Amino acid sequence: MNNLELARIFYEIADILEMKEVEWKPRAYRKAAQAIENLSEDVSEIYKKSGIKSLEEIPGVGESIAEKIEEFLKTKHIKTYEKLKRSLPKHLTELMEFQGLGAKRANILYKKLKIKSIKDLEKAAKQHKISKLQSFKIKTEENILKGIELFKKSSQRTLLGIALPIANNLINELKKSKYVNKISVAGSLRRRAETIGDIDILATSSQPQKVMDLFTALPDVKRILAKGSTKSIVLLKNNMQADIRVIEDKSFGAALQYFTGNKEHNIKLRGIAIKKGLKLNEYGISKKEKYISGKTEEDVYKTLGLNYMDPELRENTGEIEASLKNKLPKLVSLKDIQGDFHVHTIESDGNNTIEEMASAAQKLGYEYICITDHSKSTYIAHGLKEDRLLGHIKNIRKLQKKFKIKIFAGSEIDILPDGTLDYPDEILKKLDIVSVSVHSNFKKQEKDATNRIIKALENKYVHILNHPTNRLINEREPLSLDLDKIFKVASENKKILEINSHPNRLDLKDVYIKKAKEYGCKFSISTDAHSTNSLRYMELGVSQARRGWCEKKDIVNALSLKEIEKLFNIK
DNA sequence: GCCGTTTTCGGCCCGACTGTTTTCAGTCG
């Protein structure tokens, strides 16, 4: 749990140094912060291996930052940081988070008007003090006032599951135009990050201006934030920002690569290009001003001596190195998925019947589905007591006769605070597939919380651990867990970890999936659907599995029905 | 402050848009 705190500190150090007009260091601190943020292992674990030396192996971390990490691990403080913080007013770096204000202009505002926070900024703008400054005119003041309204509303990133359909809608609208040739989403959305800052769209056209007009007039648009000849930015009605960029056909691949990012991935690619005497930008790869390639992303990677890599991998977490060694994973895809192991019905807190869920799953082309209603302790969700569960199982067996799709009888069983399960073993024996979840006592200390889950995983009837960390994105912190220990136990006991596809959950999350995979764990990608519509969340879970470098062989519900029956010993 | 198959010193991604501007700096992604 040190990584996020350290990343935050290093980002702030970067901001403070930038305010002080220190050159280059801010970039170094940001690079290190980003690397630490994306680690799949806690820095304390890395430090345990061989101290400062192993810390320096983190890309972007050198001697000085490694020492600061050590200091933090030992004392929970970093003296340089405390000192830097004291040298500026408390909230000053908050100004840099404001759209349109960077270090330079924030600094001017502070020096000339003593503006130290967003609150001060709002006050000064309302009193028209800003437009009186020599280097700030009326337009800036207006933009600040507009920006404040937005700043209050939308400090949170949007869930992937919400942004994706909105973006698809925008793209479908634009596709209708004869002026739009090729079009795609780019950015973090194309990489299928769990949350999205803004929607990036890339298109090709011989008439970019027409596309700008079209885009800024779409029905979802609330306000135009910028409109140029090849690039525009709008604010959507749901307060998300959407950007479009239009280029020529011959640059589509290069631009798509460029705008998909992420930033660190791109910087590394450009480094590779430079070493080969090439220049890489959004228009293509060139040598001495002469265009070489850029029509497709495949061309771009090939020219750089790399294999094509799926967007979900492009986070500069080893994919470029893997590509150079021809060791990129062949990622699992939605069409590999043969069934869903986690769905609810009206018997507990779902909205549809067993028949409706089974029939919807059959329509998706699945071979099997597992009905997993809640166990008795989740009384809020009408969890089933033993007698009701036995009746439920009987009902499932009876309904099977009406369906081609295999309906497994399962249950989402509570792991009680002491690690025992909500049903006794005699009941578990009667279920085809046993999956277990934590639904209470979220605040336990790491040791207790970890032991609670490990005890459940050691039950020989348990097959799957659902939403392992129990986080809700933007809402609830994950359980405090020693995940290394849990992954180790899961792997040794051949227990399956769920990748929960619900937009709010996406749990396990990408970096932990990758880590668990290294421990040899297998995964089930499930929707936790409470209605037939939500079965479609599967693509979100698959995208996170892909971000965790999973191949078909890592995913249990990519197995055929026969293989599943063999795996779970179901007769 | 970091980094190295051009380098242990001297570089550090690069281009669009806005407005502070009329030839350029600041900010963003």
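Every chain is numbered from 1, with letters handed out A, B, ... down the list of sequences. All values reported here derive from a predicted model rather than from experimental measurement.
Nucleotides B/dT21 and B/dG26, compared at atom C1', are 11 Å apart to the nearest Å. Using atom C1' as the reference point in both B/dG15 and B/dG10, the two lie 24 Å apart (nearest Å). Look at the P atom in both B/dC28 and B/dT22: the space between them is 22 Å, to the nearest Å. Distance check on atom C1': B/dT18 versus B/dT23 gives 15 Å, rounded to whole Å. B/dG11 sits 14 Å from B/dT7 when the P atoms are compared, rounded to a whole Å. For the P atoms, the distance linking B/dG4 with B/dT8 amounts to 13 Å, nearest Å.
Inter-residue side-chain proximity for A/Gln257 and A/Asn266 is flagged as met; some heavy-atom pair is nearer than 4.5 Å. In this structure the side chain of A/Lys68 reaches within 4.5 angstrom of the side chain of A/Tyr29, judged on heavy atoms.
Checking B/dT18, B/dC14, B/dG15 against the side-chain heavy atoms of A/Ile274 singles out B/dC14 as nearest. Comparing B/dA16, B/dC2, B/dG19 by their nearest atom to the side chain of A/Lys139 picks out B/dG19. Side-chain atoms of A/Lys231 lie closest to B/dC17 of the nucleotides B/dC17, B/dT27, B/dG29. You'll find that the side chain of A/Asn143 is closest to B/dG19, out of B/dG19, B/dG1, B/dG15. Among B/dC17, B/dA16, B/dC14, the nucleotide with an atom closest to any side-chain atom of A/Asn281 is B/dC14.
Not a single donor-acceptor pair, N or O on each side, falls under 3.5 Å between the base of B/dG15 and the side chain of A/Tyr258.
Both tests hold for A/Lys114 against A/Tyr110: distance to the six-membered ring centre under 6.0 Å, angle to the ring axis within 45°.
Distances shorter than 4.0 Å separate none of the side-chain N or O atoms of A/Lys137 from OP1 or OP2 on B/dG19. Between A/Lys68 and B/dG1 there is a side-chain polar atom (N or O) within less than 4.0 angstrom of OP1 or OP2. Here A/Lys279 reaches the OP1 or OP2 of B/dG15: one of its side-chain N or O atoms lies under 4.0 Å away.
Where A/Gly271 and A/Asp243 each meet DNA chain B at their nearest nucleotide, the meeting point lying more 5' is that of A/Gly271. Position along DNA chain B of the nearest nucleotide to A/Thr230 versus A/Phe136 favours A/Thr230 as the more 5'-ward residue.
At distances below 3.5 Å, at least one donor-acceptor pair connects side-chain atoms of A/Glu551 with backbone N or O atoms of A/Lys330.
Per the stacking criterion (ring centres < 5.5 Å, plane angle < 30°), A/Trp24 stacks onto the base of B/dC12.
With no hydrogens or angles considered, no side-chain donor-acceptor pair links A/Arg192 and A/Ser543 at under 3.5 Å.
The partner of B/dC12 is B/dG1, by the rule that a Watson-Crick or G-U pair needs both atom distances under 3.5 Å.
Among the protein residues, A/Asn266 comes within range of no part of the nucleic acid, since none of its heavy atoms lies under 4.0 Å from any strand.
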